[in-house]
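All values below come from the heavy atoms of this structure, side chains included, with hydrogens, waters and symmetry mates left out.
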Amino acid sequence: MADAARTEGRTGGQLLADALVANGATHVFAVPGESYLDLLDGLYAKRNRIELVTCRFEAGAVHMAEAQGKLTGRPGVAVVTRGPGACHAAIGVHVAQQDSTPLVLLVGQIPMSETDRESFQEVDYRRFFSPIAKWVTQIDEASRIPELMAHAFDVAVSGRPGPVVVALSEEMQKHLAAVPDIGPQPLLPPHPAPDALPRLMAMLERAEKPLAILGGTRWTAEGRAAIRDFLVGNDIPVAVSFRRQGLFDGTSPHYAGDLGVGADAGLVAKAKESDLILAIGTRLGEPVSQGYTLFDMAGSKPIVHVHPEQSEIGRVHRAALGIVSDLNAFAQAAAATPRIAKPRWAGWRASVRAAREAQAKAPEYEGPLNLAVALQQLEKVLPADTIFTSDAGNFATWPTRFMHLTDKQEFLGPTNGAMGYGVPAAIGAAVTHPDRCVVCFVGDGGALMTGQEIATAFHHGVAPIIMVFNNGMYGTIRMYQERTYPGRVSGTALTNPDFARFIESFGGHGEVVERTDELVPAFQRARASGKPAIIEVRTNPEQVTNRATIAQLRAQAQKG
């Protein structure tokens with residue numbers, strides 16, 4: 001807790017470090033810069049209260065902080081320097097925006113006296129970040145640090161969570177101010193309106209084919225358990241929104257799969273067939289709504305939309321019932337609501353689950369590596385509390401389609417499709433939970449965008465296991481290329497290193513997998529090593545998606 005009586009003069013750098021501690025930050029992910037030397041010195045004084053994680057690239061630092069925000073529900077904190085540092089960091093801010101992740105990014109700034117001269121590395125951060133951040137501010141007076149920093153943390157977690165950017169004037173960090181620290185604002189979360197659950201249950205009573213879609217962030221373990229009890233207790237099939245697999249037990253007979261990029265056609269058909277959608281936490285954005293085609297925007301299919309931010313309800317799809325509530329508060333209220341005595345949709349729920357099971361059945365693939373079978377074998381030996389991180393790309397559809405997360409496992413992936421997310425997110429997850437197994441899924445393209453952050457894992461003594469799916473191409477773009485311009489390969493081929501030797505050069509553990517039965521032993525050796533590890537999975541480049549080969553895509557394009 002903040003010490004309200006503490007009013008002795010402190011420098012701006014000291015006040016900033018104290019403000020981070022007062023607001024509950026446990027880690028700061030940073031690439032150092034001369035624009036915030038005084039904050040670095042303040043963090044040195046607080047090194048027993050807050051861990052400074054030194055990163056190798058600003059985008060990597062923000063991805064690590066964003067991963068921590070996803071896992072904890074509290075704002076992850078990153079610090080970068082002005083100009084190029086801030087520009088590199090912007091991709092992580094965009095991830096936090098589209099993923100609704102609480103994040104506070106501190107950015108060093110030029111001296112105030114040089115403003116509007118296009119000084120060295122000058123950027124107007126309010127203009128630069130305003131389209132992708134919830135709030136952007138600049139601290140020019142040291143006395144306002146506790147006020148503005150406390151508000152930054154409050155904004156990051158309020159309503160729809162998201163990123164806040166705070167610019168720090170260089171000379172302000174040296175100024176002295178005698179002001180008290182300010183900690184988090186005690187708040188009771190918004191609960192559903194008194195008639196919300198009765199109205200929802202009345203709609204459910206009239207339904208024949210209900211479908212729940214779970215999404216959103218800042219779910220607690222208790223909230224997830226409560227929403228599971230409500231949905232399972234009322235025998236409702238449950239889909240998760242794009243890259244939210246950690247919200248519901250994939251082994252449950254009520255799990256329907258994920259509605260996102262590359263969603264199974266069977267699930268999409270079931271969503272169209274349903275007569276009541278319970279959209280809980282999800283924004284029903286472009287990936288979930290299959291490009292805004294899945295539901296009528298005018299509301300012909302009844303949608304109950306539960307979201308902590310009122311402005312998100314009805315933003316695109318008009319809801320039959322909108323419920324503004326903290327997601328965990330809604331879950332607890334829903335779980336306490338009397339269940340429907342005899343749900344009429346047991347057959348419907350079974351048919352939705354059957355569609356999921358059919359999708360997850362591993363097909364026969366050409367070549368020595370059947371990745372679907374290998375991943376399902378891996379699933380059986382993973383720890384029950386594994387944290388998965390995923391980069392963006394076609395490779396990511398393989399674990400999504402063929403693997404099933406269980407209750408205590410977590411899944412972190414960028415809903416904005418940011419390549420380069422997976423590796424630093426895995427390191428951020430491992431820093432946050434060093435006692436848990438962290439597995440990263442990444443393609444060869446994304447692995448070399450931020451793979452240098454492996455150095456950060458070594459520097460801070462954490463050991464994620466990075467699975468690099470190597471097909472020698474930007475696979476997603478190649479897929480679209482073959483669909484649109486079949487056979488005209490341009491710009492998508494890649495030349496890669498030996499990824500196993502890459503990690504070994506740091507002193508880590510490297511493995512190469514080329515056959516189905518090699519993945520599980522490789523994983524077990526990697527885990528036993530206790531070191532950061534890369535398992536390079538060499539996949540068949542012809543099998544560009546889990547549903548089509550390049551030859552098939554070309555044939556389809558030529559027919560069309």
Legend entry - T72/T432 under side chain to side chain contact (heavy atoms under 4.5 Å, CB included): CA gap, chis, key distance, verdict: CA-CA 8 Å; T72 64; T432 304; 3.8 Å; yes
Between [X] and [Y], a side-chain donor and acceptor under 3.5 Å:
| X | Y | answer |
| --- | --- | --- |
| T101 | T217 | no |
| T220 | N328 | yes |
| Q109 | Y36 | no |
| Q173 | T11 | no |

Legend entry - For Y44, all residues meeting ring pair (Phe, Tyr, Trp, His ring centres under 6.0 Å), sequence neighbours excluded: none
Inset, instruction - Could I get the full list of ring pair (Phe, Tyr, Trp, His ring centres under 6.0 Å) partners for Y255, not counting sequence neighbours? - result: none
Within the structure provided, determine whether [X] and [Y] are in side-chain contact (heavy-atom separation under 4.5 Å).
| X | Y | value |
| --- | --- | --- |
| L52 | L40 | yes |
| I50 | L43 | yes |
| R160 | R283 | yes |
| S325 | P192 | yes |
| I227 | D229 | no |
| V537 | V468 | no |
| F57 | V31 | no |
| P383 | R436 | no |

Under 3.5 Å: donor-acceptor pair, side chain of [X], backbone of [Y]:
| X | Y | answer |
| --- | --- | --- |
| H433 | D435 | no |
| D391 | Y421 | yes |
| Q245 | G250 | no |
| T386 | L382 | no |
| N23 | I182 | yes |
| Q332 | A226 | no |
| H460 | T54 | yes |
| T400 | T397 | no |
| S241 | L214 | yes |
| S289 | L294 | no |

Legend entry - Aromatic plane relationship, F388 with F411 - under 30° parallel, 30 to 60° tilted, over 60° perpendicular: tilted
By salt bridge (Lys or Arg N to Asp or Glu O under 4.0 Å), which residues pair with [X], not counting sequence neighbours?
| X | value |
| --- | --- |
| R401 | none |
| D124 | none |
| E170 | R82 |
| R74 | none |

Inset, instruction - Might you work through the salt bridge (Lys or Arg N to Asp or Glu O under 4.0 Å) test for D258 and R243, ending with a clear yes or no? - result: CA-CA 8 Å; D258 72 295; R243 292 188 168 141; over 6 Å; no
Inset, instruction - Give a yes or no on whether a salt bridge exists between E410 and R224, defined as a side-chain N under 4.0 angstrom from a carboxylate O. - result: yes
Legend entry - Check ion pair K408-D385 (N to O, under 4.0 angstrom): no
Interatomic distance, [X] atom [atom1] to [Y] atom [atom2] [nearest 0.5 angstrom]:
| X | Y | atom1 | atom2 | result |
| --- | --- | --- | --- | --- |
| L187 | D326 | CG | CG | 11.0 Å |
| D38 | L168 | CG | CG | 10.5 Å |
| F248 | T406 | CZ | OG1 | 12.5 Å |
| L148 | S143 | CG | OG | 9.0 Å |
| R244 | F242 | CZ | CZ | 10.0 Å |
| T137 | Y125 | OG1 | OH | 14.0 Å |

Legend entry - Pairs involving residues 137-157, ordered by first then second residue, that meet ring pair (Phe, Tyr, Trp, His ring centres under 6.0 Å) (sequence neighbours left out): W135-H151
Inset, instruction - Quick one: do L412 and L71 satisfy side chain to side chain contact (heavy atoms under 4.5 Å, CB included)? Show the steps, please. - result: CA-CA 8 Å; L412 315 181; L71 286 168; 3.9 Å; yes
Can you name the closest pair of heavy atoms from [X] and [Y] and give their distance?
| X | Y | answer |
| --- | --- | --- |
| W219 | A331 | CZ3-CB, 4.0 Å |
| L15 | A142 | CD1-O, 3.5 Å |
| G73 | V157 | O-CG1, 4.0 Å |
| P464 | I427 | CG-CG1, 4.1 Å |
| V165 | A133 | CG2-CB, 4.1 Å |
| V77 | A25 | CG2-CB, 4.0 Å |

Inset, instruction - Verify salt bridge (Lys or Arg N to Asp or Glu O under 4.0 Å) between R10 and D18, making sure each step is shown before the conclusion. - result: CA-CA 10 Å; R10 288 172 283 170; D18 288 340; 2.6 Å; yes
Inset, instruction - Answer yes or no: are there more than 12 heavy-atom neighbours, outside R127 itself, under 6.0 Å from its atom CZ? - result: no
Inset, instruction - Output all residues satisfying side chain to side chain donor-acceptor pair (under 3.5 Å) with T456, sequence neighbours left out; order by chain, then residue number. - result: E453
Inset, instruction - Using side chain to side chain contact (heavy atoms under 4.5 Å, CB included) as the criterion, list what pairs up with A279, not counting sequence neighbours. - result: I277, T282, L284, I303, H305
Inset, instruction - Mind running side chain to side chain contact (heavy atoms under 4.5 Å, CB included) on Q68 and T26 for me, showing each step along the way? - result: CA-CA 10 Å; Q68 184 169 83; T26 57; 4.2 Å; yes
Inset, instruction - Sequence neighbours left out, what pairs pass salt bridge (charged side-chain N to carboxylate O under 4.0 Å, His left out) with at least one residue falling in residues 89-109? - result: K70-D99
Inset, instruction - Give every residue pair that meets the salt bridge (charged side-chain N to carboxylate O under 4.0 Å, His left out) criterion with at least one member in residues 131-152, sequence neighbours excluded. - result: R144-E147
Below 3.5 Å, can you tabulate the donor-acceptor pairs from side chains in residues 445-452 to any protein atom, sequence neighbours excluded?
residue	atom	partner	partner atom	Å
T450	OG1	G420	O	2.6

